[in-house]
Amino acid sequence: EKGGYDYFMLKEIAEQPKAVADTLLGRIDAEGSLTLDEVRIPASVLREADKVVIVACGTAFHAGLIAKYAIEHWTRMPCEVELASEFRYRDPILDRRTLVIAISQSGETMDTLMALRHAREQGAKVLAICNTNGSTIPRESDAVLYTHAGPEVAVASTKAFLTQLVACYLVALYLGQRRGTKWGDEIRAVIRDLSRISCEVERVLETMEPVRALARSLKDKRTVLFLGRHVGYPVALEGALKLKELAYMHAEGFAAGELKHGPIALIEEDLPVVVVVPSPRGRSVLHDKIVSNIQEIRARGARTIVIAEEGDDAVVPYADHLIRIPATPTLLQPLVATVPLQVFACELATARGNEVDQPRNLAKSVTVE
Ligand code: F6R
């Protein structure tokens with residue numbers, strides 16, 4: 001049942017190219033238009049919505065944080081992202097013009113379910129992004145977009161996360177399309193690249209051996225930090241979460257721009273710091289800023305583990321370890337940048353003798369508050 005892999009997690013990491021392709025299947029037509037009519041949200045609701053609110057927990061929350069960048073950039077609608085467990089006790093501002101997106105692999109997470117019930121009581125429309133057919137969250141939502149990742153058995157979420165991202169990008173593009181956002185060259189290029197992204201994920205998987213070796217060499221470390229900017233920031237949070245839950249190591253993700261507001265004090269000799277570097281094309285300001293962040297931490301002794309696009313030479317002098325990922329449009333980069341972090345955490349867990357598929361204290365679906 002593990003298909004020749006030692007762990008379900010390894011199998012599910014390897015299944016990601018197919019999972020991503022399955023999420024896209026039949027949803028982009030030959031002209032590059034989105035066909036999500038299956039979600040059956042009336043066009044008027046999409047046109048009249050004035051705000052998007054995303055609710056989710058854990059890894060699904062990180063997918064939501066990334067979705068915010070895409071939704072705001074492609075639709076120019078304001079988008080808030082909230083931990084479901086905080087949202088419902090905060091008396092959030094919602095009405096008929098709020099589109100709520102609930103993201104959940106299992107479709108059974110109690111906090112997310114309670115958040116969506118609360119949103120619907122206030123008159124908001126709820127779209128679920130879910131991996132489990134017929135589960136409670138989609139049943140109680142106004143509409144659902146299934147991720148079609150196939151069953152995820154390992155407690156730590158991998159393929160569900162990548163497919164949640166794809167579903168979020170599809171929703172963002174669909175919203176833009178339905179609201180008449182100008183379909184310029186940028187959007188056309190994004191749709192083209194998204195429809196090919198599964199091959200890029202495959203390419204990343206083929207180059208993971210050095211990441212595994214690096215992970216094994218760090219097995220006696222106590223702490224690993226993760227830095228990113230823009231969509232790389234939630235990727236850093238996700239990398240840290242994977243490491244906590246699988247390797248039981250202290251791991252934290254930071255927005256690189258926050259370094260000098262506190263976290264830089266943590267940097268000490270030989271501390272491993274993983275940095276997710278945005279593309280040097282496109283928003284190159286961000287790229288240049290993160291290169292100086294890498295210089296700053298390295299000058300203070302950090303061991304830098306740099307995840308950067310192929311051809312990005314500016315990072316080379318400051319990278320103790322360099323992990324290459326294929327070039328993608330900025331907003332899609334999390335689909336390729338997350339994969340090495342999953343492999344890294346999985347290998348560290350194995351090296352430390354931990355139960356990879358069933359980490360201590362955790363359950364696959366959290367059906368209590
Ligand atoms: C982390 C992980 C959890 C889940 C969270 C939400 O690897 O799996 O953080 O993402 O419990 O679960 P779902 O998506 O089922 O609502």
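Just follow the structure's listing: the first ligand is 1, and inside any ligand the first atom is 1. Position 1 is the first residue of the sequence; numbering continues from there.
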In sequence, state the C-alpha distance, the side-chain angles, and the governing distance for E152 and S157, and then conclude on side chain to side chain donor-acceptor pair (under 3.5 Å).
-> CA-CA 7 Å; E152 193 180 61; S157 188; 3.2 Å; yes

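- Here is the list of ligand 1 atoms found below 4.0 Å of a heavy atom in E245: 1 (C), 7 (O).
- At a threshold of 4.0 Å, the pair E206-R203 does not count as salt-bridged, since none of the basic side-chain nitrogens sits closer than that to a carboxylate oxygen.
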For the pair E12 and K159, evaluate salt bridge (Lys or Arg N to Asp or Glu O under 4.0 Å) and give the outcome as yes or no after the intermediate values.
-> CA-CA 6 Å; E12 289 161 7; K159 62 176 181 173; 5.1 Å; no

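- For K364, no nitrogen or oxygen atom sits less than 3.5 Å from a nitrogen or oxygen atom of ligand 1, counting backbone and side chain alike.
- Nearest to atom 6 (C) of ligand 1 among the protein's heavy atoms is C57 O, 3.4 Å.
- The aromatic rings of Y69 and H230 sit tilted, their planes meeting at an angle between 30° and 60°.
- The salt bridge (Lys or Arg N to Asp or Glu O under 4.0 Å) analysis of residues 233-246, with sequence neighbours excluded, yields the pairs E238-K242, K242-E245.
- Looking at H118 and L94, their side chains come closer than 4.5 Å, going by heavy atoms from C-beta outward.
- Comment: K68 does not engage E80 in a salt bridge, judged by the lack of any side-chain N to carboxylate O separation of less than 4.0 angstrom.
- At least one N or O atom of V155, backbone or side chain, sits closer than 3.5 Å to an N or O atom of ligand 1.
- Near A156, meaning under 4.0 Å from any of its heavy atoms, are these atoms of ligand 1: 7 (O).
- Scanning the protein for heavy atoms near atom 16 (O) of ligand 1, the closest one is T109 OG1, 2.5 Å.
- Residue S104 has at least one heavy-atom neighbour below 4.0 Å for each of these atoms of ligand 1: 13 (P), 14 (O), 15 (O), 16 (O).
- Remark: minimum distance from atom 10 (O) of ligand 1 to any protein heavy atom is reached at T59 N, 3.1 Å.
- No single ILVMFWY cluster, assembled from side-chain heavy atoms under 4.5 Å apart, contains both I267 and L218.
- Set against the non-hydrogen atoms of A60, the atoms of ligand 1 under 4.0 Å away are 10 (O), 14 (O).
- For the pair D142 and R120, the salt-bridge criterion is met [side-chain N within less than 4.0 Å of a carboxylate O].
- Atom numbering of ligand 1 starts at 1 in the shown order; those under 4.0 Å from a heavy atom of S157 are 7 (O), 8 (O).
- Residue G58 approaches ligand 1 through these ligand atoms, each under 4.0 Å from one of its heavy atoms: 9 (O).
- The nearest heavy-atom contact from the protein to atom 11 (O) of ligand 1 is V366 CG2, 4.2 Å.
- In terms of protein heavy atoms, atom 15 (O) of ligand 1 is closest to S106 OG, 2.6 Å.
- The atoms of ligand 1 that sit less than 4.0 Å from any heavy atom of Q105 are 13 (P), 14 (O), 15 (O), 16 (O).
- No heavy atom of E108 sits closer than 4.0 Å to any atom of ligand 1.
- Between A327 and R281, the closest heavy-atom pair is CB-NH2, 3.5 Å.
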